[in-house]
Novice: 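Quick one: the structure is below, questions incoming.
Only heavy atoms go into these numbers, but all of them, side chains included; no hydrogens, no water, no symmetry mates.
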Amino acid sequence: MPGRSTSPTSRALQALELISARPGITADDLGAALGVTGRAARRYVAILREAELPIESVSGPYGGYRVGRGLRLPPLMFTAAEAAGLVMATLEGHRGAADPADVVGGALAKILRSLPERVVPAVPAASGDVARHEHLDRLLAACADARVLRLAYGPRLSEMEVEPWAVVLRHSHWYLLCWSRSRSAQRVLRVDRVADLVVLPETFAPPSDLDAPAVIEEHFSQGWRYAVEVHVDAPPQWVRRWVAPSLARLEELPGDRTRMLASTEDPDWYARQLAAIPVTFRVVDSPELLAAVRALGKRLAEL
């Protein structure tokens with residue numbers, strides 16, 4: 001962040017950053033951090049509230065401030081190092097991050113414009129392969145409001161009524177985790193394959209303990225051509241260190257063992273993933289995978 005400015009707007013933004021980082025901070029402590037009096041700090045809080053930012057007062061013997069939940073994301077402030085690190089991590093992990101037409105790419109472009117020229121990392125040219133996301137904002141709003149949706153989905157435009165639980169970005173694609181009333185089952189849908197949607201007036205109660213990223217990762221391990229069942233000589237809490245949720249669903253077996261249940265389109269690839277498990281395991285009722293594991297073992301032995 002550049003050198004501290006004494007303008008009221010700059011001081012108000014610095015106050016917002018401090019309140020965000022230290023919920024419950026008192027006016028006197030806020031003033032001390034800003035280099036002003038507590039009375040002046042209260043004026044900066046008033047400026048933030050006039051800008052319709054949700055600054056709440058905290059009850060208690062001394063009182064204080066915190067940022068409440070509003071409809072819009074309040075301004076965020078980053079140091080140059082934080083912003084550059086965020087940019088580089090995003091570029092590394094999301095293939096659409098170089099394209100301003102992508103949702104992540106558009107957000108990243110805003111951060112890049114705020115950075116001093118000397119610290120802006122090199123951004124590769126966009127690949128041109130950016131998924132459609134015109135319904136993303138409406139899907140996110142429906143999840144937040146717990147509103148039932150009617151979707152036209154897929155190339156055949158099949159219609160379904162769903163309860164949208166969460167929207168998650170994974171492996172450079174946006175996914176909608178939902179409960180399909182039409183199928184009476186949990187579903188993971190690609191957002192770029194949603195052709196149209198209608199927000200219905202009915203609401204629903206979403207699962208209270210939902211871990212949406214974990215559920216979607218586990219979804220990636222199912223539904224492929226070749227079934228996988230592997231028994232590992234270690235308990236699930238250990239196997240989770242070596243097996244990602246996207247590789248298999250884990251079930252506890254007697255004797256501190258674990259059953260891996262999954263499916264794969266490429267048994268040879270799956271065999272290579274199993275080779276990274278540093279304890280003994282046995283392939284069960286998965287002939288294609290068993291052949292691939294034996295072939296991999298033979299190649300390694302020959303080397």
Novice: For R49, check side chain to side chain donor-acceptor pair (under 3.5 Å) against everything at least two apart and list the hits.
Specialist: S57
Novice: Is the backbone N or O of L261 less than 3.5 Å from a side-chain atom of Q222, with the two atoms forming a donor-acceptor pair by type?
Specialist: yes
Novice: Can you tell which of V243, V230, L250 makes a side chain to side chain contact (heavy atoms under 4.5 Å, CB included) with T258?
Specialist: L250
Novice: Closer than 3.5 angstrom, by distance alone: can the side chain of Q273 be matched with the main-chain N or O of W269 as a donor-acceptor pair?
Specialist: yes
Novice: Could you tell me whether a side-chain N or O of D145 sits under 3.5 Å from a main-chain N or O of R147, the two making a donor and an acceptor?
Specialist: no
Novice: Give the C-alpha distance, both sets of side-chain angles, the deciding distance and a yes or no for side chain to side chain contact (heavy atoms under 4.5 Å, CB included) between V293 and L274.
Specialist: CA-CA 8 Å; V293 169; L274 291 176; 4.2 Å; yes
Novice: Heavy-atom count check: over 12 atoms from other residues, nucleotides or ligands less than 6.0 Å from W224 CH2?
Specialist: no
Novice: Check each of V199, L149, L140 against P164 using the side chain to side chain contact (heavy atoms under 4.5 Å, CB included) test, and report the only one that passes.
Specialist: L149
Novice: Pair K298, E302 - check side chain to side chain contact (heavy atoms under 4.5 Å, CB included), show working.
Specialist: CA-CA 6 Å; K298 182 179 179 180; E302 290 172 351; 3.4 Å; yes
Novice: Donor-acceptor pair, H135 side chain versus A195 backbone, under 3.5 Å?
Specialist: yes
Novice: For W165, which fellow cluster members are found when Ile, Leu, Val, Met, Phe, Trp and Tyr are connected by side-chain heavy-atom distances below 4.5 angstrom, either directly or through intermediates?
Specialist: V148, V168, Y175, L177, W179, V188, V198, L200, F204, L210, V215, I216, F220
Novice: Scan the side chains in residues 278-287 for donor-acceptor partners under 3.5 Å anywhere in the protein, sequence neighbours excluded, and list what turns up.
Specialist:
{"unit_1": "T280", "atom_1": "OG1", "unit_2": "D233", "atom_2": "OD2", "d": "2.5"}
{"unit_1": "S286", "atom_1": "OG", "unit_2": "A227", "atom_2": "O", "d": "3.3"}
{"unit_1": "S286", "atom_1": "OG", "unit_2": "E229", "atom_2": "N", "d": "2.9"}
{"unit_1": "S286", "atom_1": "OG", "unit_2": "V284", "atom_2": "O", "d": "3.0"}

Novice: Please name all residues satisfying salt bridge (charged side-chain N to carboxylate O under 4.0 Å, His left out) with E202, sequence neighbours left out, ordered by chain then number.
Specialist: R181
Novice: What's the shortest heavy-atom distance between A271 and L296, and which atoms?
Specialist: O-CD2, 3.5 Å
Novice: Does R66 have any side chain to side chain donor-acceptor pair (under 3.5 Å) partners at least two apart in sequence or in another chain, and if so, which?
Specialist: E56
Novice: Does W238 offer a backbone N or O that forms a donor-acceptor pair with the side chain of R241 under 3.5 Å?
Specialist: no
Novice: Determine, stepwise, if the pair L139 / L197 fulfils side chain to side chain contact (heavy atoms under 4.5 Å, CB included).
Specialist: CA-CA 9 Å; L139 289 171; L197 67 87; 3.8 Å; yes
Novice: Would the distance check show the side chain of Y270 and the main-chain N or O of L247 forming a donor-acceptor pair, the cut-off being under 3.5 Å?
Specialist: yes
Novice: Might you point out which heavy atoms bring S263 and G223 nearest each other, and give the distance in Å?
Specialist: OG-N, 3.0 Å
Novice: Would you call R190 and D192 a salt bridge, using N to O less than 4.0 angstrom?
Specialist: yes
Novice: Can a donor-acceptor pair be found, under 3.5 Å and without considering hydrogens, that links the side chain of S182 to the backbone of E161?
Specialist: yes
Novice: In chain order, what residues pass the salt bridge (charged side-chain N to carboxylate O under 4.0 Å, His left out) check against E265, with sequence neighbours excluded?
Specialist: R225
